[in-house]
Amino acid sequence: MSQGILLYGPPASGKDTITTALCDFNDAYRAFMRLKVGSGRTRGYRMGTADELVELEARGGVIYRNDRYGNIYLVDRPGLAQAMQDGSIPILHLGQIAGIEAVVEKFPASWTSVLLWCSRESTANRSKGRGDSDTEARLSAWDATAQDIETRTDFAWDLRLDTDAISPAEAAHEIDLLIRSGI
């Protein structure tokens with residue numbers, strides 16, 4: 001069965017950095033590039049149009065849709081199927097537990113869910129440090145993530161990591177050990 005990693009956490013909790021460390025650690029890992037319809041940052045996304053979104057929705061190709069920062073972010077069936085070709089293990093970044101549940105429910109694979117956490121202060125400092133122009137929106141997303149976790153105490157994480165206390169390399173190692181134990 002195909003495998004995948006679901007990284008969840010507030011903005012600037014280390015999803016990009018840990019994904020890079022995982023990919024450097026093992027060639028099977030691949031960052032999943034969500035489909036983005038909108039403007040702003042393009043790095044790390046496959047850019048799409050509103051017309052492509054309508055067509056994808058009509059074919060049932062949308063696994064999860066998230067509207068945030070004035071953009072639309074999608075986990076799409078064709079993109080995810082392609083990301084799992086040749087035994088690759090895609091790493092998906094999600095900011096809502098509902099997104100994790102949608103992927104697990106709508107795309108059969110062996111999914112490993114990882115909660116990456118950092119303090120609100122760390123999100124603010126990291127966001128400013130990487131040059132985000134919308135740090136306040138990122139802090140609002142941090143608040144929404146904290147609320148999401150607080151209201152979903154029943155969600156069973158496979159792994160929880162505090163990125164204020166663990167380095168990206170250590171986090172990648174912990175995730176890799178968990179993935180390899182399931183192979």
Side-chain angles (χ1 to χ4, degrees), residues 1-37 41-48 52 56 59-66 68 71-118 122-123 126 130 145 148-149 155-183:
M1 177 177 259
S2 295
Q3 289 185 292
I5 301 170
L6 301 164
L7 293 184
Y8 172 88
S13 59
K15 292 181 291 290
D16 286 337
T17 307
I18 292 167
T19 294
T20 298
L22 277 164
C23 292
D24 289 345
F25 194 70
N26 183 332
D27 290 342
Y29 296 123
R30 302 271 191 266
F32 177 73
M33 295 175 47
R34 285 185 291 164
L35 189 59
K36 179 179 179 180
V37 178
R41 180 178 163 192
T42 60
R43 185 178 60 83
Y45 297 101
R46 294 174 290 126
M47 298 304 292
E52 290 169 329
L56 193 59
R59 292 187 317 219
V62 174
I63 295 172
Y64 184 69
R65 173 183 170 156
N66 178 43
R68 186 169 274 173
N71 297 299
I72 299 168
Y73 302 89
L74 304 164
V75 176
D76 63 306
R77 190 172 311 285
L80 197 48
Q82 183 176 3
M84 287 189 170
Q85 287 181 346
D86 302 322
S88 292
I89 302 171
I91 305 165
L92 283 71
H93 298 179
L94 293 163
Q96 302 78 30
I97 293 173
I100 292 172
E101 291 173 327
V103 170
V104 169
E105 179 184 319
K106 296 177 182 177
F107 200 95
S110 176
W111 293 104
T112 299
S113 63
V114 180
L115 170 60
L116 300 178
W117 192 253
C118 69
S122 290
T123 288
R126 292 172 183 175
R130 67 185 186 193
T145 303
D148 195 24
I149 292 169
F155 190 85
W157 299 98
D158 294 312
L159 184 62
R160 294 171 181 244
L161 299 170
D162 180 348
T163 63
D164 286 336
I166 190 171
S167 73
E170 292 168 320
H173 180 71
E174 291 291 323
I175 294 166
D176 182 64
L177 282 175
L178 186 58
I179 294 294
R180 285 190 293 133
S181 71
I183 294 177

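Predicted model, so just to flag it, every value in this text is computed and none were measured.
- We find the CD-CG distance between Q96 and N66 to be 3.5 Å, quoted to the nearest 0.5 Å.
- Looking at every heavy atom in both residues, P90 comes nearest to A83 through CB-CB, 3.9 Å.
- Considering only heavy atoms from C-beta on, I91 stays 4.5 Å or farther from I18 through its side chain.
- Among pairs with a residue in residues 18-31, those fulfilling side-chain hydrogen bond (donor to acceptor under 3.5 Å, both in side chains) read T19-H93, Y29-D176, at least two apart in sequence or across chains.
- Minimum interatomic distance between M84 and A109 (heavy atoms only, all atoms of both residues): CE-CB, 3.7 Å.
- No side-chain donor-acceptor contact under 3.5 Å links R77 to the backbone of R59.
- The aromatic ring centres of Y64 and Y73 sit 6.0 Å or more apart.
- Sorted by first and then second residue, the side-chain hydrogen bond (donor to acceptor under 3.5 Å, both in side chains) pairs with a member in residues 79-90 form an empty list; sequence neighbours excluded.
- Looking at V37 and E52, their side chains never come closer than 4.5 Å, going by heavy atoms from C-beta outward.
- Residues V62 and L35 are not in side-chain contact: their nearest non-hydrogen atoms beyond the backbone lie 4.5 Å or more apart.
- A donor-acceptor contact closer than 3.5 angstrom links the side chains of R126 and T163.
- Between the CZ atom of R41 and the CE atom of M47 there is a distance of 11.5 Å, given to the nearest 0.5 Å.
- Taking every heavy atom of both residues into account, A21 and A172 meet most closely at CB-CB, 3.7 Å.
- Under the ring-ring contact (aromatic ring centres under 6.0 Å, His included) criterion, the residue pairs touching residues 155-177 are Y8-W157, F155-W157, with sequence neighbours excluded.
- Between F107 and V75, the closest side-chain pair of non-hydrogen atoms is not below 4.5 Å.
- Salt bridge absent: K36 and D76 never bring a charged side-chain N and a carboxylate O closer than 4.0 Å.
- At least one side-chain heavy atom of K15 sits less than 4.5 Å from a side-chain heavy atom of S13.
- E170 places a side-chain N or O within 3.5 Å of a backbone atom of S167 that can act as its donor or acceptor partner.
- L178 CG to I5 CD1: the interatomic distance, rounded to the nearest 0.5 Å, is 8.5 Å.
- With hydrogens and angles left out, the side-chain atoms of D158 and T112 include no donor and acceptor closer than 3.5 Å.
- For the residue pair T145 and G95, the shortest heavy atom distance occurs at OG1-O, 4.0 Å.
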Quiz item: Passes side chain to side chain contact (heavy atoms under 4.5 Å, CB included), L92 versus L80? Steps please.
Solution: CA-CA 9 Å; L92 283 71; L80 197 48; 3.8 Å; yes
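- Counting only heavy atoms from C-beta outward, the side chains of R34 and Y45 approach each other to under 4.5 Å.
- In this structure, R180 and L177 have side chains that are in contact, with non-hydrogen atoms separated by less than 4.5 Å.
- Judged by distance alone, the side chain of T17 and the main-chain N or O of G14 form no donor-acceptor pair under 3.5 Å.
- Among all heavy-atom pairs drawn from C118 and A12, the shortest one is SG-O, 3.8 Å.
- Side chain of D148 to main chain of I97: a donor-acceptor pair is present (N/O by atom type, distance under 3.5 Å, no hydrogens or angles).
- One finds the CG atom of L161 at 9.0 Å from the CG atom of L7 (value rounded to the nearest 0.5 Å).
- Taking the side chain as every heavy atom from C-beta outward, I89 and I179 approach each other to under 4.5 Å.
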